[in-house]
There are 2 protein chains.
Amino acid sequence: MNRIFQSEQEAAAVLRDAGLKATPQRLAILRALSGDVTHPTAQELYERLATHFPALSVATVYNTLAALTRVERCRPLDLGGPARFDPNVAPHDHAVCERCGEIRDVKAAETRPKPRALTGFSVRRVEHIYRGLCAKCAGT
Amino acid sequence: MNRIFQSEQEAAAVLRDAGLKATPQRLAILRALSGDVTHPTAQELYERLATHFPALSVATVYNTLAALTRVERCRPLDLGGPARFDPNVAPHDHAVCERCGEIRDVKAAETRPKPRALTGFSVRRVEHIYRGLCAKCAGT
DNA sequence: TTATCAATTGATAATGAATCTAAATTACGA
DNA sequence: TCGTAATTTAGATTCATTATCAATTGATAA
């Protein structure tokens with residue numbers, strides 16, 4: 001489970017431990033992303049932060065997300081459309097609603113197929129995407 | 001298994017049966033894509049065809065691929081980067097080489113987790129992506 | 001055949017995501 | 001406090017994709 005960084009100190013430590021300078025923009029981005037369950041896009045994060053951080057640039061958001069990814073503090077999701085970012089780096093899967101676009105975390109299925117040898121291909125990680133309708137959109 | 005359309009007649013029939021006009025550009029695109037195992041991008045298909053079809057426009061390639069997708073004759077793959085198109089619409093998965101980018105079809109794993117009910121989410125289809133290294137890149 | 005007409009095409013413009021650039025700023029160890 | 005490499009920023013740039021719309025064409029009916 002990923003948690004929100006309560007204090008700047010805590011967030012700053014995370015960045016420094018990863019060998020990244022703890023700039024105010026990075027702190028803001030890290031704190032905004034961590035604990036966010038909605039899998040925001042870079043643009044969404046930017047808009048959310050720009051209000052309280054007028055000088056922030058989109059480029060910085062992209063840069064920071066790339067840095068955080070390198071450092072295993074988040075993970076990009078390619079589900080079609082702009083990349084989304086998941087602060088939960090523990091292995092898990094995703095359910096995507098085909099109507100409203102909601103992306104929900106799914107516990108890694110126990111039935112998760114063993115990364116079998118695919119005749120020559122050495123599997124590093126398996127990714128599962130469940131596509132369908134969320135409760136709301138299924139209208140249950 | 002997907003096969004190559006030997007004759008234009010055959011390809012034309014496929015299009016008409018799907019309620020699509022059998023234009024020369026569509027025939028060319030359908031025939032180029034069918035039986036292609038490389039999961040080409042729209043751009044790649046365009047370049048391949050443009051040689052023998054100078055008047056072809058990229059827009060037409062995109063339009064046709066969208067039409068073929070609607071009609072279940074191919075399937076777009078979002079794996080990061082430009083969309084790729086798979087003429088194999090039978091359920092199967094993909095192995096993506098993280099070094100060279102090769103995308104290989106993988107028989108739908110028998111171990112494929114049952115689209116379980118995800119507390120409210122109704123799963124329509126499950127997608128698996130195996131990321132790792134292909135035989136060549138693993139340097140075996 | 002030929003006429004008709006909606007579907008389709010193609011050139012280009014427009015949009016959107018993401019990266020690059022280069023100059024100005026800044027975090028942080030010495 | 002300083003020096004320096006890392007970082008930020010605005011804007012330009014690239015690349016993928018969609019939109020626009022006049023001109024063309026496939027399919028059908030006459």
Side-chain angles (χ1 to χ4, degrees), chain A residues 8-9 11-30 32 39-71 73-85 101, chain B residues 8-9 11-30 32 39-71 73-85 101:
Chain A
E8 294 232 333
Q9 287 69 25
V14 166
L15 290 173
R16 287 205 207 84
D17 289 357
L20 296 170
K21 284 189 182 176
T23 68
Q25 319 40 359
R26 280 177 177 170
L27 290 171
I29 293 166
L30 176 56
H39 311 86
T41 64
Q43 193 62 40
E44 282 166 0
L45 279 172
Y46 169 70
E47 277 154 20
R48 210 175 301 166
L49 291 169
T51 325
H52 295 290
F53 212 134
L56 186 65
S57 138
V58 242
T60 299
V61 178
Y62 278 102
N63 286 338
T64 298
L65 288 170
L68 291 175
T69 300
R70 252 179 271 120
V71 153
R73 275 289 163 181
C74 72
R75 154 188 175 196
L77 301 179
D78 293 312
L79 302 169
R84 303 190 154 272
F85 293 86
Chain B
E8 293 230 334
Q9 287 69 25
V14 166
L15 291 174
R16 287 203 209 86
D17 288 358
L20 295 170
K21 284 190 181 174
T23 69
Q25 7 323 48
R26 280 177 176 170
L27 289 171
I29 294 166
L30 176 55
H39 310 86
T41 64
Q43 192 62 40
E44 282 166 0
L45 278 172
Y46 168 70
E47 277 155 19
R48 208 176 301 165
L49 292 169
T51 324
H52 295 290
F53 212 133
L56 186 66
S57 138
V58 240
T60 299
V61 178
Y62 277 102
N63 285 338
T64 298
L65 288 171
L68 290 175
T69 301
R70 252 178 271 119
V71 154
R73 275 291 162 179
C74 71
R75 156 188 172 193
L77 301 178
D78 293 311
L79 302 168
R84 302 190 154 272
F85 293 86

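Note that these values count all heavy atoms, side chains included, but never hydrogens, waters or copies made by symmetry. Per chain, numbering begins at 1; letters A, B, ... match sequence-line order.
- Within the nucleic acid shown, Thr60(A) comes within 4.0 Å of at least one base atom, counting heavy atoms only.
- The distance between atom CG of Leu65(B) and atom C1' of dT8(C), rounded to the nearest whole Å, is 15 Å.
- The backbone N or O of Thr41(B) lies less than 3.5 Å from a partner atom in the side chain of Glu44(B), making a donor-acceptor pair.
- With DNA chain C read from its 5' end, the first of the two nearest nucleotides for Arg16(A) and Thr64(B) is the one closest to Thr64(B).
- A residue-by-residue look at Leu20(B) and Phe85(B) shows that Phe85(B) has its nearest nucleotide of DNA chain D further toward the 5' end.
- Residue Phe85(A) comes nearest to Cys74(A) through the heavy atom pair CD2-SG, 4.2 Å, listed as atom of the first residue, atom of the second, then distance.
- Between dA6(D) and Arg26(A), no contact under 4.0 Å exists linking OP1 or OP2 to a side-chain N or O.
- Rounded to whole Å, atom P of dG10(C) lies 6 Å from atom CZ of Phe53(B).
- For Ala55(A), the listed nucleotide lying nearest its side chain is dT9(D); candidates were dT8(D), dT9(D), dT12(C).
- In this structure, Ala22(B) reaches the sugar-phosphate backbone alone: every heavy-atom distance under 4.0 Å involves primed, P, OP1 or OP2 atoms, never a base.
- With dT7(D), dT9(C), dT19(C) as the choices, the nucleotide that has an atom nearest any side-chain atom of Thr23(A) turns out to be dT7(D).
- You'll find that the side chain of Lys21(A) is closest to dA5(D), out of dA5(D), dT8(C), dA11(C).
- A straight line from CG of Leu56(A) to P of dA10(D) spans 8 Å, rounded to a whole angstrom.
- A side-chain donor-acceptor contact under 3.5 Å links Thr69(A) to the backbone of Leu65(A).
- Remark: dA18(C) base-pairs with dT13(D); criterion is Watson-Crick or G-U wobble with both hydrogen-bond distances under 3.5 Å.
- No engagement by Gln43(B) is indicated, since no non-hydrogen atom pair under 4.0 Å with the nucleic acid exists.
- With distances taken from any side-chain atom of Pro24(A) to the nucleotides dA27(C), dT9(D), dT18(D), the minimum falls on dA27(C).
- Tyr46(B) places its OH atom 15 Å from the P atom of dC15(D), with the value rounded to the nearest Å.
- In this structure, Leu79(A) atom CG and dA17(C) atom P are separated by 15 Å, rounded to whole Å.
- For the pair Leu77(A) CG and dA18(C) P, the interatomic distance rounds to 12 Å; values are reported in whole Å.
- Side-chain contact between Leu68(A) and Leu15(A) is present, with at least one heavy-atom pair separated by less than 4.5 Å.
- Not a single donor-acceptor pair under 3.5 Å links the side chain of Arg84(B) to the backbone N or O of Leu77(B).
- Residue Ala83(A) is classed as a sugar-phosphate contact, given heavy-atom separations below 4.0 Å to backbone atoms only.
- Listed nucleotides: dA16(D), dT19(C), dT8(D). Nearest to the side chain of Tyr62(B): dA16(D).
- Comparing atom distances between the Pro82(A) side chain and each of dA18(C), dT17(D), dT9(D) picks out dA18(C) as nearest.
- You'll find that the side chain of Ala59(A) is closest to dT9(D), out of dA7(C), dA6(D), dT9(D).
- Following rounding to the nearest Å, Ile29(A) (CD1) and dT7(D) (C1') show an atom-to-atom distance of 12 Å.
- Formation of a donor-acceptor pair under 3.5 Å by the Arg26(B) side chain with backbone atoms of Lys21(B) is found in this model.
- Atom CG of Asn63(B) and atom P of dA11(C) are 13 Å apart (whole Å).
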